[in-house]
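Let me begin by presenting the structure, written as structure tokens, before commenting on it.
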Amino acid sequence: MSSSKFDIVIYGATGFTGQLVAEYIAAQYKGDKALRWAMAGRSKDKLAAVRDAVGAPADTPLIVADAGNVASLKAMAAQARSVISTVGPYQLYGNELIAACVEAGTDYLDLCGEPVWMRQMIDRHEAAAKASGARIVFSCGFDSVPFELGTFFVQQEARRVFGAMAPRVKGRVRDMRGTLSGGTAASAKATFDAVAKDLSLVAILNNPFALTPGFEGAKQPRGNKPAYEDDLQSWAAPFMMALINTRNVHRSNMLMGFPYGRDFVYDEMVLTGPGERGEAIAKRVMAANAEKTGPGAPKPGEGPSKEERENGLYDLLYVAVAPDGREVRAAIKGDRDPGYGSTSKMISECAICLLRDTPDVAAGFWTPGAAMQDKLIKRLVDNAGLTFEVVR
């Protein structure tokens, strides 16, 4: 790579999430003279305003780049070792940027939770990315980093206790406080719109192995209605992010060479408590899921206040079940609201980890968990307010 290149370009830095990413990198890596980063977006004046608002150095480079101007995207990619894109829905605004990064051999990271588009990009660009040296890493935020790494972490404990990784893992949300991102709602809407126009996409959307081209594993739980779980003594409700997280976990398993096995079974649900009250909450959660992508959903660029972000949190339980029924459990927790406060820290640390800790990861399309594994867990624990612990 040329010495004039930026290590990281934050594309979409004037958007709500992009600004949080810039703010995090400006603060967390303030004294790091070796990290060369820039901010990119459609308006130089707005970029300058964001630079000043987040406390970034006055000489932070600003790059004008627009999803509608392919030449500007190519010029941006050519200057960067890696690009963080917060400009979604990616199926509407991401095609040309992926192509530009693949062509330039530039690493790319995003917050995508759109499995149909992700599969289309893998099919279209995987060979070219491997040839150019580009490492394309989707889903570097709340979808799906804590879920991918939660599975990875509990499987390490399963191997220690059982002598082998477990063929069955449950991901369960015990607590989550925070606002659904406007980008997430817009991405879901864009996906549903795309499927309505092309019904052949339904098969991809409904397939748990949509992101493992050439591999179809064991039958998976659908997780689409409330159920009582004896081992957890709680009702469980459908989890709206399972649609993307489960696909990424299966892709991770494939990319790592199937350490969890080829018959691995994985699902995600929200725990709502025992008894009639737990059952009633589970039914309410199921009804509420539909509203989160409806007319009242937050708009892209909208988001919670600083206080709301800092008061948010999430608490995930991971249960690995051995063939003989024995279990090991792990808790993964985040100290900010998942959709913004924690997500902006996670994607930033994914970018730093990819650059500095895992330079030998091969070119191609990756999940963060498969590419960076323990090294990413360490960064998230050290810097981003996540905890990973074995629980009894």
N-O pairing of Arg119 and Asp123 below 4.0 Å: yes
Asp107/Arg135 salt bridge by N-O under 4.0 Å criterion: yes
Between [Y] and [X], is there a side-chain heavy-atom distance shorter than 4.5 Å?
X      : Y      : result
Ile122 : Trp117 : no
Thr191 : Gln91  : yes
Val50  : Leu47  : no
Pro226 : Glu279 : no
Pro167 : Asp263 : no
Arg168 : Pro221 : yes
Glu310 : Glu307 : no
Pro368 : Val145 : yes

Residue pair Val102, Ile136: steps toward the side chain to side chain contact (heavy atoms under 4.5 Å, CB included) verdict: CA-CA 8 Å; Val102 167; Ile136 309 298; 4.0 Å; yes
[X], [Y]: one ILVMFWY side-chain cluster at the under-4.5 Å cut-off?
X      : Y      : result
Val270 : Leu313 : no
Val249 : Val265 : no
Val87  : Ile347 : yes
Leu316 : Val390 : yes
Met286 : Tyr228 : no

[atom2] on [Y] to [atom1] on [X], rounded to 0.5 Å:
X      : Y      : atom1 : atom2 : result
Lys30  : Ile25  : NZ    : CD1   : 15.0 Å
Ile84  : Leu111 : CD1   : CG    : 8.5 Å
Met372 : Lys378 : CE    : NZ    : 15.5 Å
Asn69  : Lys74  : CG    : NZ    : 11.0 Å

Listed once per pair and sorted, the ring-ring contact (aromatic ring centres under 6.0 Å, His included) pairs that draw on residues 22-60, sequence neighbours left out: none
Inter- and intrachain pairs under ring-ring contact (aromatic ring centres under 6.0 Å, His included), touching residues 359-392, at least two apart: Phe138-Phe365, Phe153-Phe388
List the residues meeting side chain to side chain donor-acceptor pair (under 3.5 Å) with [X], not counting sequence neighbours, and say none if there are none.
X      : answer
Lys44  : none
Asp110 : Tyr108
Asp7   : Arg36, Arg81
Glu126 : none

Parallel, tilted or perpendicular: ring planes of Tyr318 versus Tyr266, cut at 30 and 60 degrees: parallel
[Y] and [X] side chains, donor-acceptor separation under 3.5 Å:
X      : Y      : answer
Glu148 : Asn248 : no
Thr367 : Ser252 : yes
Ser144 : Asn245 : yes

With Asp267, the salt bridge (charged side-chain N to carboxylate O under 4.0 Å, His left out) member among Lys219, Arg247, Arg172: Arg172
Pairs touching residues 231-244 that satisfy side-chain hydrogen bond (donor to acceptor under 3.5 Å, both in side chains), sequence neighbours left out: Lys170-Asp231
Qualifying salt bridge (Lys or Arg N to Asp or Glu O under 4.0 Å) pairs, either residue in residues 86-96, two or more places apart: none
Within residues 340-356 or reaching into it, pairs that qualify as salt bridge (Lys or Arg N to Asp or Glu O under 4.0 Å) - sequence neighbours excluded: Asp32-Arg356, Asp335-Lys345, Glu349-Arg379
Over 12 non-hydrogen atoms of neighbours within 6.0 angstrom of CZ in Arg174: yes
Arg277, CZ atom: more than 12 neighbouring heavy atoms under 6.0 Å: no
Reference residue Tyr314; test ring pair (Phe, Tyr, Trp, His ring centres under 6.0 Å); the match among Phe239, Phe147, Phe142: Phe142
Pairs of donor and acceptor atoms involving the side chains of residues 254-262, under 3.5 Å and at least two apart or interchain, shall be tabulated with distances.
none

Side chain to side chain contact (heavy atoms under 4.5 Å, CB included) between Leu243 and Leu205, worked out: CA-CA 8 Å; Leu243 183 70; Leu205 192 64; 3.9 Å; yes
From CA spacing to verdict: side chain to side chain contact (heavy atoms under 4.5 Å, CB included), Ser82, Leu355: CA-CA 8 Å; Ser82 66; Leu355 282 169; 3.9 Å; yes
Evaluation steps, side chain to side chain contact (heavy atoms under 4.5 Å, CB included), between Arg124 and Ile98: CA-CA 10 Å; Arg124 191 176 303 169; Ile98 290 268; over 6 Å; no
Partner residues of Ser43 under the side chain to side chain contact (heavy atoms under 4.5 Å, CB included) criterion, sequence neighbours left out: Asp45, Lys46
Cluster companions of Leu232 among Ile, Leu, Val, Met, Phe, Trp, Tyr (side-chain spacing under 4.5 Å): Leu271, Leu317, Val319, Val321, Val391
